[in-house]
Trainee: 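The structure's right below; bear with me while I get my questions together.
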Protein chains: 2
Amino acid sequence: MNIGEAARRSGVSSKMIRHYESIGLLVSAQRSESGYRVYSEKDLHTLRFIATTRSLGFSLDEIQKLLSLWQDKNRSSADVKELVLNHIADLDQKIAELTSMRTTLQTLASACSGNARPDCPILSGISTHCANRP
Amino acid sequence: MNIGEAARRSGVSSKMIRHYESIGLLVSAQRSESGYRVYSEKDLHTLRFIATTRSLGFSLDEIQKLLSLWQDKNRSSADVKELVLNHIADLDQKIAELTSMRTTLQTLASACSGNARPDCPILSGISTHCANRP
DNA sequence: TCTGAACCTTCCCATCGTGGTAAGGTCAAG
DNA sequence: CTTGACCTTACCACGATGGGAAGGTTCAGA
């Protein structure tokens, strides 16, 4: 199949498929006589693997490692698990950061009447917070 | 004060101060005779405002709006609140996405024995998930 | 058989926020 | 007067994705 169909059936855009090939995440695709990229069902499976792992928030670097492990019959599942646990830790940190922002903002917002007058606990809250900077 | 001190005292790097000026987030700083940027306490307050709002996850576009509102004596607090509530909604969506990833990964990881053998529920889980793609 | 639409190719540029680095000018203390 | 710490501008980079230009290929229908 051509790149368009591979894109449609994998959920990875044509643009990205070419990009992944150019950075070495994917091995170079077969080419037709006219130079079109040609994909097999196996290639499609790899593309879907990438789509799935992207949607789980892995970076392309991590996906490269996951792909190697996936294709390595002699892998240790411990290696896979370690990679995944590290990624979970990253997610946890990110979630904690965002949640902390959310909490602060929610507190400020709930103190703000949100009317036509200029008095705003949100802005004065931020302004005060500023004062405690290095 | 020079840019270095402003950076140290605001928590915004010199690099970023120049960048913010170049994209119009900050008005051009005063210059000394020799061309050095010179900052006042008022400028410092603005820089700290930016540092604080960045740390709350606002984009530079949103910060520009917040800065205008902050400096507008005729603002409506409703406008501030709306901006903040929208940002909270963005955060909520992001948190939900990350949490969903986390949940999936945690489930897969806890099924994986993480030993020296290749059998890996994480990889087979991902591989299976692939099959259900468009 | 020709034509046009729908593909495909490569190449460059943009985003967003941040950092690095190079090549040069300025300032103050020793 | 030198030295080191500062400052200036101007580029390039990241990570992941998208947009678009300029050109080649394929195939169905008139």
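So you know, we letter chains A, B, ... as the sequences are listed, proteins then strands, and number each from 1.
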Trainee: Once ring pair (Phe, Tyr, Trp, His ring centres under 6.0 Å) is applied, what residue pairs with a partner in residues 85-127 of chain B remain, sequence neighbours excluded?
Mentor: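 Listed once each, the pairs are B:Phe58-B:His87.
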Trainee: Whole angstrom is fine here: how far is it from CD1 in B:Ile17 over to P in D:dC7?
Mentor: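 Computing the B:Ile17:CD1 to D:dC7:P distance gives 9 Å.
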Trainee: Suppose the criterion is side-chain hydrogen bond (donor to acceptor under 3.5 Å, both in side chains): which pairs have a residue in residues 13-29 of chain B, not counting sequence neighbours?
Mentor: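 Checked against side-chain hydrogen bond (donor to acceptor under 3.5 Å, both in side chains) - neighbours excluded - the pairs reaching residues 13-29 of chain B are B:Glu21-B:Arg37.
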Trainee: Between A:Gly4 and B:Ile23, which is nearer to the 5' end of DNA chain C once each is assigned its nearest nucleotide?
Mentor: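 The answer here is A:Gly4.
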Trainee: A:Leu83 vs A:Glu62, test: side chain to side chain contact (heavy atoms under 4.5 Å, CB included). Steps then yes/no.
Mentor: CA-CA 8 Å; A:Leu83 208 158; A:Glu62 291 165 329; 4.0 Å; yes
Trainee: Of all residues at least two apart in sequence or in a different chain, which pass the side chain to side chain donor-acceptor pair (under 3.5 Å) check with B:Glu41?
Mentor: B:Arg9
Trainee: Within the distance-only criterion (no hydrogens, no angle test), does the side chain of A:Thr107 pair as donor or acceptor with the backbone N or O of A:Thr103 below 3.5 angstrom?
Mentor: yes
Trainee: Which residues, if any, of residues 86-96 of chain A bring a heavy atom under 4.0 Å of DNA chain C?
Mentor: none
Trainee: The helix from C:dT1-D:dA30 to C:dG30-D:dC1: angle between its terminal axes, five pairs each, to 10°?
Mentor: 30°
Trainee: How far apart are the closest heavy atoms of A:Leu47 and A:Val12, and which atoms are they?
Mentor: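 Scanning both residues completely, I find the closest heavy atoms to be O-CG2, 3.6 Å.
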Trainee: Under the side chain to side chain donor-acceptor pair (under 3.5 Å) rule, collect the residues that match up with A:Gln106, sequence neighbours excluded.
Mentor: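 Applying side chain to side chain donor-acceptor pair (under 3.5 Å) to A:Gln106 gives A:Arg102.
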Trainee: On a heavy-atom basis, which atom in B:Ala109 and which in A:Val84 lie closest, and how many Å separate them?
Mentor: CB-CG1, 4.1 Å
Trainee: If the condition is side chain to side chain donor-acceptor pair (under 3.5 Å), which residues does A:Ser40 pass it with, not counting sequence neighbours?
Mentor: A:Asp43
Trainee: For a side chain to side chain contact (heavy atoms under 4.5 Å, CB included) check, start with the C-alpha distance between B:Thr46 and B:Trp70, then their side-chain angles and the critical distance, and finish with the verdict.
Mentor: CA-CA 10 Å; B:Thr46 304; B:Trp70 188 43; 4.1 Å; yes
Trainee: Pairs under 3.5 angstrom only: tabulate donor-acceptor contacts from the side chains of residues 113-124 of chain A to other protein residues two or more places apart or in another chain.
Mentor:
residue  : atom : partner  : partner atom : Å
A:Ser113 : OG   : A:Asn115 : ND2          : 3.2
A:Asn115 : OD1  : A:Arg117 : N            : 2.9
A:Asn115 : OD1  : B:Ser77  : OG           : 3.2
A:Arg117 : NH1  : A:Asp119 : OD1          : 2.9
A:Ser124 : OG   : A:Cys120 : O            : 3.0

Trainee: If you check the A:Arg18 side chain, which of C:dT9, D:dC6, C:dC8 turns out closest?
Mentor: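 Looking only at heavy atoms from C-beta outward on A:Arg18, the closest nucleotide is C:dT9.
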Trainee: Check every strand shown and say whether A:Arg37 touches a base, only sugar-phosphate, or nothing at a heavy-atom separation below 4.0 Å.
Mentor: sugar-phosphate
Trainee: Tell me every residue that passes side chain to side chain donor-acceptor pair (under 3.5 Å) with A:Gln93, counting only those two or more places apart in sequence or in another chain.
Mentor: A:Glu97
Trainee: Ignoring backbone atoms, test whether A:Tyr20 places a side-chain nitrogen or oxygen under 4.0 Å from the OP1 or OP2 oxygen of D:dT17.
Mentor: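 Result: yes.
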Trainee: Dump the pairs, protein N or O against N or O of nucleotides 19-23 of chain C, anything under 3.5 Å, distances to one decimal.
Mentor:
residue : atom : partner : partner atom : Å
C:dG19  : OP2  : B:Ser13 : OG           : 3.4
C:dG20  : N7   : B:Lys15 : NZ           : 3.0
C:dG20  : O6   : B:Lys15 : NZ           : 2.5
C:dT21  : O4   : B:Lys15 : NZ           : 2.4

Trainee: Would B:Arg8 and B:Ile3 count as a side chain to side chain contact (heavy atoms under 4.5 Å, CB included) here? Give the steps.
Mentor: CA-CA 9 Å; B:Arg8 241 172 287 120; B:Ile3 199 172; over 6 Å; no
Trainee: Compare the minimum distances between each of D:dT8, C:dT18, C:dT10 and the side chain of A:Arg31, then state the nucleotide with the smallest one.
Mentor: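 The answer is C:dT10, which lies nearest to the side chain.
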Trainee: Could you go over nucleotides 24-28 of chain D and give all protein N or O partners under 3.5 Å, atom names and distances?
Mentor:
residue : atom : partner : partner atom : Å
D:dG24  : N2   : A:Tyr36 : OH           : 2.6
D:dT25  : O4'  : A:Tyr36 : OH           : 3.1
D:dT25  : O3'  : A:Ser34 : OG           : 3.3
D:dT25  : O2   : A:Tyr36 : OH           : 3.4
D:dT26  : OP1  : A:Ser34 : OG           : 3.0

Trainee: Using modelled atom types only, decide if a donor and an acceptor are shared between the side chain of A:Asn2 and the backbone of A:Gly4 within a distance under 3.5 Å.
Mentor: no
Trainee: Do B:Phe49 and A:Ile126 have side chains that get closer than 4.5 Å, going by heavy atoms?
Mentor: yes
Trainee: If you take all heavy atoms of A:Leu44 and A:Ser10, which pair is closest and at what distance?
Mentor: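 Reported closest heavy-atom pair: CD1-CB, 4.0 Å.
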Trainee: How close or far is atom P of C:dT26 from atom CG of B:Asn2, stated in whole angstroms?
Mentor: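 These atoms are roughly 14 Å apart.
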Trainee: To the nearest Å, give me how far apart NE2 (A:His19) and P (D:dG18) are.
Mentor: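 Those two atoms, NE2 and P, are 11 Å apart.
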Trainee: I need the residues from residues 56-67 of chain B with at least one non-hydrogen atom less than 4.0 Å from DNA chain C; give them sorted by number, or say none.
Mentor: B:Ser59, B:Leu60
Trainee: Select one nucleotide: of D:dC7, C:dT18, C:dC8, the one nearest the side-chain heavy atoms of B:Arg54.
Mentor: C:dT18
